[in-house]
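Quick notes on the structure that follows.
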Amino acid sequence: MSVYGRVVIVVSAVALWSVAAAGSASAQVCGDADGNGSVTVTDGVQVLRSGAGLSSSCTERANSCDVDGSGGTTVTDGVNVLRKAAGLAITEACPSGGGNGDVQEVTDIVVPFLVLGLSELRNVSPTSADVRPAATEDCEDGGSRTTEQSGATASVTFNACKVSEPGLGGYQLDGEIQAQLGIPTSTIFFEFQVTNLTTSEQVDFDGSLQGTARLQGGFVVDGGPLIVRGPNEGPEIFRVTFNELTVDGDGNLLSGSVEAEDTSNSFDLKTAELEVEDGSSTATLHVVRDDDTEQDFTVNLETGDVTPVS
């Protein structure tokens, strides 16, 4: 019996890359010398003091004060912070916490989830309500995944399942994806842990999506949000919503968009929207910053690298 129609995907993915220092839910904002989460004239004065060799709060927030990324705090950085506080455009290159560093940090969380995490949904994309006994297969780089179906319930269980992409690196999947099949609707549940094998870091996604199964394989997902949390079920950092994101039967991204919204002031961003077109290996990223300035980037989906559009 063919299943085609709306698919309600309820995600409780225990998946985690830390986006901030352990125990902290907020990243530094470029130019925020006093660490209050915003950039003001007071910050500019502190950066100017640091550039002049005087005592300053920049001693504790050197990365936030090095606005031009020169490797130290100078009077030029102080002038740029004053310009930013006045709402004027500047070029930001803080070593971390703000500027394009924040854009890369958000991308480093979202892209692996899209490319490696969502692709696992193809293993529970239902084409029938038959009974299939448990079948275990080796994962690409070690560990295993077990697929089974009993009537209206299909599931994939991951046991130290290691997967990788040459540019993105390797990740370990643990937990379960379970689909409660229905016509025309189905519900797919995640209890899904992802570990970055290079850094041993983790990130949590919680929330729900709506989608449509594709006759030719794969699915289209809409809505949300998925809530991204810090380590150990920490506080909310940002939210991700989906707009007709299409994934084919092999788990490849074809089209649609994903928007990350900074709901906790963890980044010097309001929103970052990633759009995929025509199955390309690159995507466009449109960023709106806290000061309402906008900037476009190109994202390589095979490596996660972000390049500003001149």
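Because the structure is predicted, anything quoted here is derived from the model rather than measured.
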Next on the checklist: For the OG1 atom of T241 and the CZ atom of R239, what is their distance to the nearest 0.5 Å?
Outcome noted: 10.5 Å
Item to check | E140 and K162: CA distance, side-chain angles, deciding distance, salt bridge (charged side-chain N to carboxylate O under 4.0 Å, His left out) verdict | outcome: CA-CA 6 Å; E140 291 82 346; K162 297 178 177 63; over 6 Å; no
Item to check | Distance-only polar pair, side chains of R49 and S55, donor-acceptor under 3.5 Å | outcome: yes
Checklist entry - Would you say the side-chain atoms of T107 pair up with the backbone N or O of V103, donor to acceptor, closer than 3.5 Å? => result yes
Item to check | Trace of the side chain to side chain contact (heavy atoms under 4.5 Å, CB included) decision for V240 with I109 | outcome: CA-CA 11 Å; V240 183; I109 297 169; over 6 Å; no
Next on the checklist: Using the rule that Ile, Leu, Val, Met, Phe, Trp and Tyr join whenever any side-chain heavy atoms are under 4.5 Å apart, tell me whether L82 and I90 fall into a single cluster.
Outcome noted: no
Checklist entry - Can you list the steps and then say if D138 with S144 is a side-chain hydrogen bond (donor to acceptor under 3.5 Å, both in side chains)? => result CA-CA 4 Å; D138 293 335; S144 64; over 6 Å; no
Checklist entry - Taking the inter-plane angle between the rings of F113 and F205 on a 0 to 90° scale, is it parallel (under 30°), tilted (30 to 60°) or perpendicular (over 60°)? => result parallel
Next on the checklist: I want to check something: taking the side chain as every heavy atom from C-beta on, are L114 and F242 in contact at a cut-off of under 4.5 Å?
Outcome noted: yes
Checklist entry - Considering only heavy atoms from C-beta outward, does the side chain of F238 approach that of S264 to under 4.5 Å? => result no
Item to check | Distance-only polar pair, side chains of D34 and S57, donor-acceptor under 3.5 Å | outcome: no
Checklist entry - Can you find a pair of side-chain heavy atoms, one from E302 and one from P166, that are under 4.5 Å apart? => result no
Checklist entry - What distance do T284 atom OG1 and E275 atom CD have between them, rounded to the nearest 0.5 Å? => result 5.0 Å
Item to check | Least distance between heavy atoms, P112 atom then Y171 atom | outcome: CG-OH, 3.7 Å
Checklist entry - Roughly how far, to the nearest 0.5 Å, is CG of L254 from CG of D248? => result 4.5 Å
Next on the checklist: Are the side chains of V75 and L48 in contact, using a 4.5 Å heavy-atom criterion?
Outcome noted: yes
Checklist entry - If you take all heavy atoms of A272 and V287, which pair is closest and at what distance? => result CB-CG2, 4.1 Å
Checklist entry - Under the 3.5 angstrom rule, does the side chain of D43 hit a backbone N or O of A33 as a donor-acceptor pair? => result yes
Item to check | side chain to side chain contact (heavy atoms under 4.5 Å, CB included) assessment of T298 paired with V309 | outcome: CA-CA 7 Å; T298 298; V309 175; 3.7 Å; yes
Checklist entry - Is D250 reaching over with its side chain to a backbone N or O of N252, donor-acceptor style, under 3.5 angstrom? => result no
Next on the checklist: To the nearest 0.5 Å, what is the distance between CG on N265 and CG on D290?
Outcome noted: 5.5 Å
Next on the checklist: Donor-acceptor pair, distance only, cut-off 3.5 Å: does the side chain of D305 make one with the backbone of N300?
Outcome noted: no
Checklist entry - Which pair of heavy atoms, one from A260 and one from V106, lies closest together, and at what distance? => result CB-CG1, 4.0 Å
Checklist entry - What's the shortest heavy-atom distance between C139 and G142, and which atoms? => result CB-O, 3.2 Å
Next on the checklist: Assess the residue pair T303 and L168 against the criterion (side chain to side chain contact (heavy atoms under 4.5 Å, CB included)); give the C-alpha distance rounded to whole Å, side-chain angles, the decisive distance to 0.1 Å, and a yes or no.
Outcome noted: CA-CA 5 Å; T303 65; L168 291 176; 5.6 Å; no
Checklist entry - Where the side chain of D77 meets the backbone of V67, is there a donor-acceptor pair that is under 3.5 Å apart? => result yes
Item to check | Pair E165-L116, side chain to side chain contact (heavy atoms under 4.5 Å, CB included): steps then yes or no | outcome: CA-CA 8 Å; E165 288 290 337; L116 296 173; 3.7 Å; yes
Item to check | Heavy-atom pair of closest approach, residues C58 and Q46 | outcome: SG-O, 3.9 Å
Checklist entry - Is any side-chain heavy atom of V220 less than 4.5 Å from a side-chain heavy atom of L245? => result no
Checklist outcome for this item: side chain to side chain donor-acceptor pair (under 3.5 Å) test vs K270 passes for just one of D262, D292, T263, namely D292
Checklist entry - Shortest non-hydrogen contact from V39 to V81? => result CG1-CG1, 3.7 Å
Next on the checklist: If we count only N and O atoms by modelled type, under 3.5 Å, do the side chains of S56 and S50 hold a donor and an acceptor together?
Outcome noted: no
Next on the checklist: If you define the side chain from C-beta out and look only at heavy atoms, does anything of V299 sit under 4.5 Å from L274?
Outcome noted: yes
Next on the checklist: Can a side-chain donor-acceptor contact be found between H286 and E294 if the only test is distance below 3.5 angstrom?
Outcome noted: yes
Checklist entry - Among side-chain atoms of D278 and S280, is any donor-acceptor pair under 3.5 angstrom? => result no
Checklist entry - Would a 4.5 Å heavy-atom cut-off, applied to side chains only, mark L285 and D296 as touching? => result no
Checklist entry - Could you state the interatomic distance from CG (L253) to OG (S281), rounded to the nearest 0.5 Å? => result 11.0 Å
Checklist entry - Quick one: does R145's side chain get under 4.5 Å of V163's, heavy atoms only? => result yes
Next on the checklist: Once rounded to the nearest 0.5 Å, what's the spacing between atom NZ of K84 and atom OG1 of T40?
Outcome noted: 11.0 Å
